[in-house]
Amino acid sequence: MAQPLTVPSMTAGPDFVLRPWELSDLPLVREAAADDYIPLITTIPSPYSDEAAEAFVRRQWDRAGSKSAASAGTWSCTPP
């Protein structure tokens, strides 16, 4: 069985960092869920609930097998 890859935090420009999703990102998930377009093209939960948002973040971890595994969709962008 292949070992999961470690997802590094990377500065991707002067105003944001690419990093794995964290449970502390739930307010960002809430904001995205309130957008008219984002829930239509992603798996962001809408309508929003804390339980659905936590499940969304955990799915991002599970997509590649663990919280620290790299795959498309496991990144969150935050200001540095």
Side-chain angles (χ1 to χ4, degrees):
M1 181 173 172
Q3 293 295 316
L5 300 173
T6 299
V7 178
S9 292
M10 299 183 301
T11 300
D15 296 326
F16 62 94
V17 173
L18 293 172
R19 61 167 177 74
W21 286 93
E22 300 172 354
L23 289 177
S24 62
D25 292 325
L26 296 186
L28 300 172
V29 177
R30 179 191 309 254
E31 184 177 341
D35 186 86
D36 291 333
Y37 187 63
I38 293 173
L40 295 176
I41 62 167
T42 69
T43 59
I44 290 284
S46 182
Y48 177 89
S49 72
D50 288 338
E51 296 80 18
E54 182 174 335
F56 168 80
V57 170
R58 291 185 184 282
R59 275 194 315 275
Q60 304 317 301
W61 298 342
D62 292 343
R63 289 177 72 174
S66 77
K67 181 178 176 183
S68 62
S71 75
T74 62
W75 296 95
S76 178
C77 296
T78 58

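- With contacts defined as side-chain heavy-atom distances shorter than 4.5 Å, the pair Trp21/Leu26 does not qualify.
- At a threshold of 4.5 Å between non-hydrogen side-chain atoms, the residues Asp25 and Arg19 count as touching.
- Side chain of Glu31 to main chain of Pro27: no donor-acceptor pair is present (N/O by atom type, distance under 3.5 Å, no hydrogens or angles).
- In this structure, OG1 on Thr42 lies 10.0 Å from OH on Tyr37, to the nearest 0.5 angstrom.
- Pro39 and Ala33 make their closest contact through CG-O, 3.5 Å (heavy atoms, listed as atom of the first residue, atom of the second, distance).
- The minimum heavy-atom distance linking Ile38 with Ala32 is given by the pair CB-O, 3.7 Å.
- The salt bridge (charged side-chain N to carboxylate O under 4.0 Å, His left out) pairs that include a residue from residues 32-54 are Arg30-Asp50, Glu54-Arg58, where partners are two or more places apart or lie in different chains.
- With contacts defined as side-chain heavy-atom distances shorter than 4.5 Å, the pair Arg59/Thr43 qualifies.
- When side chains are defined from C-beta on, Phe16 does not count as touching Thr11, because their heavy atoms never get closer than 4.5 Å.
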